[in-house]
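One structure is given below, encoded as structure tokens.
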Amino acid sequence: MVRTRIAPSPSGFLHIGTAKTALYNWLFARKNNGTFILRLEDTDAERTDEQYVHGMCEGFKWLGIDWDEGPPFGDVPEKGNYGPYRQSQRKELYQKMAYQLLEQGKAYKCFCSKESLESYKDETGNLYYPGFCRNLTPDQIIEKGNAPYVIRFRVPEGETIVNDLIQGTVYFKNSQYDDFIILRANGDPVFHLAVVVDDITMKITHVIRGDDHLTNTPRHIMLFNALGASLPHYAHHPLVHDEQGRKFSKRLHGANVLDWRDDGYLPEAIVNYVALLGWTSEEENREFFTLPDLIEHFSIERINKSAARFDRKKLEWLNGLHIRNLPVENLRERLLPILEKHGFNTSVKTKDWLSKLAQICQEKLPTLNRVVFLADFLFKDFDIYETEAEAKLWKSPETIIIYFKNIQDKLSTVSTWQHDLLKTVFENACTELNIKLGALVNPTRLALTGKSIGPGFFELMELLGKEKTIERLSRAIEYLQNKGGITRE
RNA sequence: GGCCCCUUCAUCUAGCGGUUUAGGAUGCAGGAUUCUCAGUCCUGUCACACGGGUUCGAAUCCCGUAGGGGCUACCA
């Protein structure tokens, strides 16, 4: 039975890198009918904040990464039989294990204060615990009385081998690790102990995580061995870099997964893109994957060893692809909150009307938010015409006025306001005026929408409605007459 | 600094000793379609970090060099 986990520290929002790790763990579990566990590594009370806990869970939910076992979230109570799933609630367990190691002589009490150790560094200038308390006699320990102490792990001699599913076999000399602390003076566990104890007790079979943990893994393996537990399989994947090739800083927009939601990206696209950042399908040249597709094709063997840069442009392309892949009704529902957020009242429109809106915008949307630009004129009147377009399309106001009056007359007699019929009306007008369709459509688009670009013209006019169309034509004619007057002076 | 990992077009990558004039995608440039934009289709642009080996033969294996990243806390 495969059991994987994502173990974030709730000291910030859901980082894109954490999302990648979560996704890989989730995919691997789903692929193997295993269990995916969410565990919060909140042993550092200083840095933990409930709002981050909430943001992370919300982020996972948004991405579609659900957990089979994990702490309570919102209305959902704790799930799973290996809880609690917050390290802050498992302190006694860690202490028990630490003292077990202490009794077995695999760990020892260290009475050195942090300050007193500051001057001890290795040849290279790094702090390195010289082992002052490593061989204290029982009498010496009794002498210390109630002096505060930490528990340090007695790092054994020899070497530790990491057999990694992605990195291969990596050798580490134990001598490069000093006797690290496993239990702090205040009784809190340190990350390494907590991780190992949890992975043991939660019966984790596969630890998939960022390769920033690769050099921590020997410590973990030594602890597993000391605790007499068998090792999980390890898979260390490369980190996600920003567009400059550097570590994806938390301060950067986009580091927070929910930034993408706010920017109008689909969770499907984020998941697809992030999966591709360091993994390829065995199916060559395929890039479009839904979550079920990913479950079907995912394999650890095809994860790369080199770090990948984040590329917004490619994400945007993929996002457009996923938007176009959505059934129109689905797209409509996703567009509604965005429209509402911009103050457009969608409740006065029919479902059918809104579906048509989604349909005429669908192939033009790189992001959902773009709908605001493409369709704002359908919800509110505008006060200015796009300047450049006006200069280009309404170069000779007198002529345009003639066009507009002509088409306005014809439109006012149309009884079935439907795009195909409207097109015919325009075609007739063009024949009559002896101009090409574009020569009439483009200036009219500016009159109706205030812009030179937008959805298909006849479709847009259908949604605008007869009354608004006639009204905006009148407004444009009036505007052009005034303008013409000024130029004549 | 030490230890560990990485290095194919601008970017994500395929490639796992001969099938490679190194393939795909994004981007960029151009063309076609067209009521604008977009989409779609077509064409073009662009790479094996460097230096040594091994081999009949290397992007693929080995060793150096350079560059990038990670770890090096009573953070995780």
Side-chain angles (χ1 to χ4, degrees), chain A residues 7-12 41-44 46-47 87 110 112-114 117 122-128 148 150-152 162 164 166-168 170-173 175-178 180-186 188-192 194-195 210-219 236 238-239 241 243 245-247 273 276-281 284-288 304-318 320-321 324 361-366 370 373-374 389 393 423 426 430 436-446 449 451-460:
Chain A
S9 162
S11 54
E41 307 220 325
D42 57 349
T43 51
D44 188 359
E46 296 267 310
R47 301 201 306 156
Q87 292 188 331
C110 170
C112 305
S113 69
K114 193 181 178 184
L117 258 19
D122 60 16
E123 321 76 62
T124 58
N126 292 309
L127 283 176
Y128 191 93
V150 297
I151 295 181
R152 284 184 186 271
V162 179
D164 195 276
I166 296 169
Q167 305 292 335
V170 190
Y171 300 84
F172 295 90
K173 287 194 183 73
S175 60
Q176 71 177 276
Y177 299 97
D178 62 2
F180 55 96
I181 293 170
I182 55 176
L183 204 69
R184 297 175 208 171
N186 67 4
D188 283 347
V190 162
F191 164 72
H192 302 110
V195 167
D211 67 11
D212 50 337
H213 283 302
L214 185 60
T215 47
N216 281 149
T217 306
R219 289 196 182 88
H236 288 90
L239 268 20
H241 286 173
E243 307 206 61
R246 286 189 283 267
K247 195 168 96 181
Y273 182 69
L276 254 27
L277 237 35
W279 171 85
T280 42
S281 169
E284 256 195 66
N285 301 336
R286 175 166 176 189
E287 299 199 287
F288 183 89
N304 267 176
K305 289 177 88 173
S306 55
R309 283 190 200 204
F310 201 90
D311 183 358
R312 258 157 226 271
K313 287 275 179 58
K314 187 145 187 178
L315 205 210
E316 195 173 283
W317 164 76
L318 209 45
L321 217 55
R324 275 167 254 138
C361 292
Q362 187 160 29
E363 67 183 16
K364 298 170 194 294
L365 295 173
R370 177 77 178 171
F373 171 84
L374 288 176
L393 298 167
K423 188 174 184 188
F426 269 74
C430 286
K436 282 197 281 190
L437 190 59
L440 181 57
V441 161
N442 293 333
T444 313
R445 171 189 295 281
L446 185 59
T449 72
K451 291 176 185 143
S452 59
I453 59 182
F457 180 71
F458 304 106
E459 290 77 6
L460 138 197

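If you're wondering where the values come from, they're calculated on a predicted model, not measured in any experiment. Letters go in sequence order (proteins before strands), and every chain restarts at 1.
As rounded to whole Å, 11 Å separates atom P of B:U34 from atom CG of A:L437. Distance A:R47 CZ to B:A73 P: 15 Å, rounded to the nearest Å. Atom OH in A:Y177 sits roughly 16 Å away from atom P in B:G2 (whole-Å rounding). Atom-to-atom, CG of A:N304 to C1' of B:A59 comes out at 15 Å; the value is rounded to the nearest Å. What separates CZ of A:R312 from P of B:G27 is a distance of 15 Å, to the nearest Å. Following rounding to the nearest Å, A:I182 (CD1) and B:A76 (P) show an atom-to-atom distance of 14 Å. A straight line from CG of A:L446 to P of B:C37 spans 14 Å, rounded to a whole angstrom.
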If you restrict it to nitrogen or oxygen atoms, what contacts under 3.5 Å exist between nucleotides 5-7 of chain B and the protein, and what is each distance?
residue	atom	partner	partner atom	Å
B:C5	O3'	A:Q167	OE1	3.3
B:C5	O2'	A:Q167	OE1	3.2
B:C6	OP1	A:K305	NZ	2.2

Collect all protein-nucleotide pairs involving nucleotides 21-26 of chain B in which both atoms are nitrogen or oxygen and the distance is under 3.5 Å.
residue	atom	partner	partner atom	Å
B:A25	O4'	A:E287	OE1	3.3
B:A25	O2'	A:E287	OE1	2.2
B:A25	O2'	A:K314	NZ	3.4
B:A25	N3	A:K314	NZ	3.0
B:U26	O2'	A:K314	N	3.4

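At a threshold of 4.0 angstrom between heavy atoms, the contacts of A:A185 include nucleobase atoms, whether or not backbone atoms are also involved. Residue A:H241 is classed as a sugar-phosphate contact, given heavy-atom separations below 4.0 Å to backbone atoms only. Within the 4.0 angstrom heavy-atom criterion, no nucleotide atom of any strand lies near A:L374.
Rounded to whole Å, the P atom of B:C9 lies 26 Å from the corresponding atom of B:C4. Using atom C1' as the reference point in both B:A25 and B:G15, the two lie 15 Å apart (nearest Å). Nucleotides B:C12 and B:C48 place their P atoms 16 Å apart, quoted to the nearest Å. For the C1' atoms, the distance from B:C35 to B:U45 is 32 Å, rounded to whole Å. Taking atom P in both B:U8 and B:A47, the straight-line distance is 14 Å, to the nearest Å. As rounded to the nearest Å, B:G27 and B:G67 have P atoms that lie 33 Å from one another.
Projected onto RNA chain B by closest heavy-atom contact, A:F457 and A:L276 fall at different nucleotides, the more 5' of which corresponds to A:L276. Projected onto RNA chain B by closest heavy-atom contact, A:G438 and A:T280 fall at different nucleotides, the more 5' of which corresponds to A:T280.
Regarding contacts with the backbone of B:A73, every side-chain N or O of A:R184 stays at 4.0 angstrom or more from both OP1 and OP2. Considering only side-chain N and O atoms, A:T215 lies nowhere under 4.0 angstrom from the phosphate OP1 or OP2 of B:G70.
Among the nucleotides B:C37, B:C71, B:C4, the one closest to the side chain of A:K364 is B:C37. Which of B:U36, B:U13, B:U40 sits closest to the side chain of A:A308 comes down to B:U13. Comparing B:G69, B:U13, B:G39 by their nearest atom to the side chain of A:E363 picks out B:G39.
The residues A:E316 and A:R370 are annotated as not salt-bridged, no charged nitrogen and carboxylate oxygen being separated by less than 4.0 angstrom.
Residue-to-nucleotide contacts include a donor-acceptor pair under 3.5 Å from the side chain of A:R445 to the base of B:C35.
The side-chain tip of A:K451 points at the ring of A:F373 from less than 6.0 angstrom away and within 45° of straight on.
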